[in-house]
Engineer: 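Handing you a structure now.
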Protein chains: 2
Amino acid sequence: MAATGTTTELGTRERLVRTASRLMQHGGYENTPVKQLVREAGATLGSLYHFFPGGKQELAVAAIHFGDEEFAALLRAGLTAHPDPAEAVEAVTGLLAEALEASDWLDGCPVTATALETVGRLPDLQAACARAFANWQELVAAKLLASGYPEEEARDLAITVVNTLEGAEMTSQVTRSRTPLLVAGRHLARLVASYRP
Amino acid sequence: MAATGTTTELGTRERLVRTASRLMQHGGYENTPVKQLVREAGATLGSLYHFFPGGKQELAVAAIHFGDEEFAALLRAGLTAHPDPAEAVEAVTGLLAEALEASDWLDGCPVTATALETVGRLPDLQAACARAFANWQELVAAKLLASGYPEEEARDLAITVVNTLEGAEMTSQVTRSRTPLLVAGRHLARLVASYRP
DNA sequence: CGCTGGATAGAGCGTTCGTTCTAGTCATTC
DNA sequence: GAATGACTAGAACGAACGCTCTATCCAGCG
């Protein structure tokens with residue numbers, strides 16, 4: 001190899017995190033056996049417990065953070081696509097619908113499934129999921145604030161925007177249809193516009 | 001016992017279904033071991049496989065249907081509380097927030113967790129979950145239609161109302177706060193009112 | 001009374017789970 | 001070229017999983 005100073009392709013640790021994020025996106029935490037995980041990541045059990053002494057749970061927290069950032073990137077892409085926040089939010093639903101259908105309705109929200117099954121069971125994971133939701137709300141709120149929305153209305157709208165995206169993404173996934181997401185886009189745009197300063 | 005002709009308290013089958021619904025509401029399908037299930041239901045493995053030859057999966061489908069009806073009852077209660085659909089929807093979020101906090105943030109939507117973890121894995125369960133969502137949408141749509149909303153707008157609004165309720169319920173659960181649900185109530189009321197015929 | 005069949009009861013099956021453990025590889029450093 | 005330490009490799013373990021199986025109970029009936 002030429003450049004041995006940096007990672008040539010992707011380090012084992014990174015492959016583990018990304019694979020865990022993808023598998024947990026599909027089936028959540030308990031439905032993701034570590035052996036399948038390391039196999040698909042092209043790693044071994046030894047590597048997993050080398051990088052994550054806390055085991056599956058520590059890896060899962062890292063995977064949730066990765067999914068958090070991944071979703072945030074898509075959110076940023078949609079939000080910056082239009083200056084107007086209402087149009088921007090609707091653009092996000094379009095991006096989500098596209099990505100979801102392209103994955104044969106499998107790649108839903110990378111956090112939701114894990115969030116629901118860890119409530120009251122695995123506090124570390126639940127906290128990581130809560131942080132992700134807060135992070136996404138913050139992105140939406142920033143867009144609204146930058147457009148002149150008053151502080152309180154911006155914060156509240158951001159909560160509902162993210163929640164509706166989550167709910168619509170789930171329903172689109174279960175029913176294998178773009179409709180819930182696209183309808184959510186229209187309604188959120190109308191709602192956001194109705195508060196326009 | 002006096003009346004031996006009918007079930008004295010609750011039949012074993014019914015206890016299994018209700019217990020399964022409650023446990024799946026908390027942790028989903030895979031997080032609900034059959035042995036814990038029969039123990040909490042006051043039943044045994046023999047009874048489970050007597051009433052549900054299809055095993056855990058068949059019981060889970062029955063449990064989803066039960067949760068479907070249970071949530072539908074709460075939805076009906078909220079929707080009939082006010083003649084105006086906008087106020088009615090907001091009433092629903094109040095009921096949900098109350099029930100959720102009373103359960104120490106554990107009794108979320110009885111279907112969502114299972115829906116997400118069975119996508120693309122257990123078609124029978126996924127179908128049962130999809131049916132529940134459609135059922136709830138139908139209830140909201142009926143309320144809007146009865147209030148004179150045009151057919152298409154009523155259907156689309158019903159989709160978003162249910163999706164937003166789902167998303168807000170999940171976020172309220174994970175963050176242990178009424179806020180997401182109550183904010184969703186205000187926003188949904190505003191959205192529904194904005195379409196008032 | 002004995003027979004019958006729905007319902008109950010739980011020990012035990014084979015499998016899979018997350019984790020541990022020992023052995024090994026390989027680039028880097030003295 | 002021996003030593004070092006980060007990393008790889010996978011066999012093996014105890015626990016827990018869903019499910020099967022045989023035995024038993026008991027109300028209804030001739």
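The chains referred to below are lettered A, B, ... by the order of the sequence lines, with proteins before strands, and numbering in each begins at 1.
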Engineer: Atom NE2 of His50(B) to atom P of dC21(D): distance rounded to whole Å?
Structural biologist: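 Interatomic distance, NE2 of His50(B) to P of dC21(D): 17 Å.
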Engineer: To the nearest angstrom, how far is Arg13(A) atom CZ from dT8(D) atom P?
Structural biologist: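 Those two atoms, CZ and P, are 12 Å apart.
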Engineer: Angle class for the His187(B)/Tyr195(A) ring planes (parallel below 30°, perpendicular above 60°, tilted otherwise)?
Structural biologist: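 Ring orientation, 0 to 90° scale: perpendicular.
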Engineer: Using side-chain contact (heavy atoms from CB on, under 4.5 Å) as the criterion, list what pairs up with Arg76(B), not counting sequence neighbours.
Structural biologist: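 Arg76(B) satisfies side-chain contact (heavy atoms from CB on, under 4.5 Å) with Glu69(B), Ala72(B), Leu139(B) only.
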Engineer: Which of residues 41-48 of chain A have a heavy atom under 4.0 Å from DNA chain D?
Structural biologist: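 The stretch gives Thr44(A), Leu45(A), Gly46(A), Ser47(A) as the residues lying under 4.0 Å from the strand, ordered by number.
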Engineer: Check whether Thr164(B) reaches the backbone of Thr160(B) with its side chain - one donor and one acceptor, N or O, closer than 3.5 Å.
Structural biologist: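 It does hold such a pair.
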Engineer: To the nearest angstrom, how far is Asn31(A) atom CG from dT16(C) atom P?
Structural biologist: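 To the nearest whole Å, that distance equals 15 Å.
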Engineer: I need the CZ-P distance between Arg121(A) and dG18(C), as an integer number of Å.
Structural biologist: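 Rounded to the whole Å, the gap is 15 Å.
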Engineer: So if I take every side-chain heavy atom of Thr12(A) and compare against dC19(D), dG18(C), dC7(D), which nucleotide ends up nearest?
Structural biologist: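 Side chain of Thr12(A) sits closest to dC7(D).
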Engineer: Would you kindly give the NZ-to-P distance between Lys35(B) and dC19(D), to the nearest whole Å?
Structural biologist: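 Going from Lys35(B) (NZ) to dC19(D) (P), I get 11 Å.
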Engineer: Spell out, as yes or no, whether a donor-acceptor pair under 3.5 Å connects the side chain of Ser147(A) to the backbone of Lys143(A).
Structural biologist: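 Yes: the side chain of Ser147(A) pairs with the backbone of Lys143(A).
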Engineer: Give the rounded distance in Å between these two atoms: CZ of Phe51(B) and C1' of dG5(C).
Structural biologist: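 It works out to 13 Å between those atoms.
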Engineer: Regarding Arg155(A) and the six-membered ring of Tyr149(A), is the cationic atom NZ or CZ under 6.0 Å from the ring centre and inside 45° of its axis?
Structural biologist: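 Judged by the rule, Arg155(A) and Tyr149(A) form no cation-pi pair.
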Engineer: Taking CZ from Arg39(A) and P from dA11(D), how many angstroms apart are they, rounded to a whole number?
Structural biologist: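 Going from Arg39(A) (CZ) to dA11(D) (P), I get 14 Å.
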Engineer: Classify the nucleic acid contact of Tyr49(A) as base, sugar-phosphate or nothing, counting any heavy atom under 4.0 Å across all strands shown.
Structural biologist: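 Answer is base: heavy atoms of Tyr49(A) come under 4.0 Å of a base.
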Engineer: As a quick check of understanding, evaluate salt bridge (charged side-chain N to carboxylate O under 4.0 Å, His left out) for Glu101(B) and Arg176(B), giving each step before the final call.
Structural biologist: CA-CA 8 Å; Glu101(B) 185 168 15; Arg176(B) 301 174 64 88; over 6 Å; no
Engineer: Quick one: do the Gln173(B) and Glu169(B) side chains pair a donor with an acceptor below 3.5 Å?
Structural biologist: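 Not at all, the side chains of Gln173(B) and Glu169(B) share no donor-acceptor pair under 3.5 Å.
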Engineer: When the distance from CD of Glu30(B) to C1' of dG18(C) is rounded to whole Å, what number comes out?
Structural biologist: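 Rounded to whole Å, this separation is 15 Å.
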Engineer: With respect to the side chain of Pro33(A), which nucleotide from dC19(D), dG18(C), dT8(D) is positioned closest?
Structural biologist: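 Within the option list, the nearest is dG18(C).
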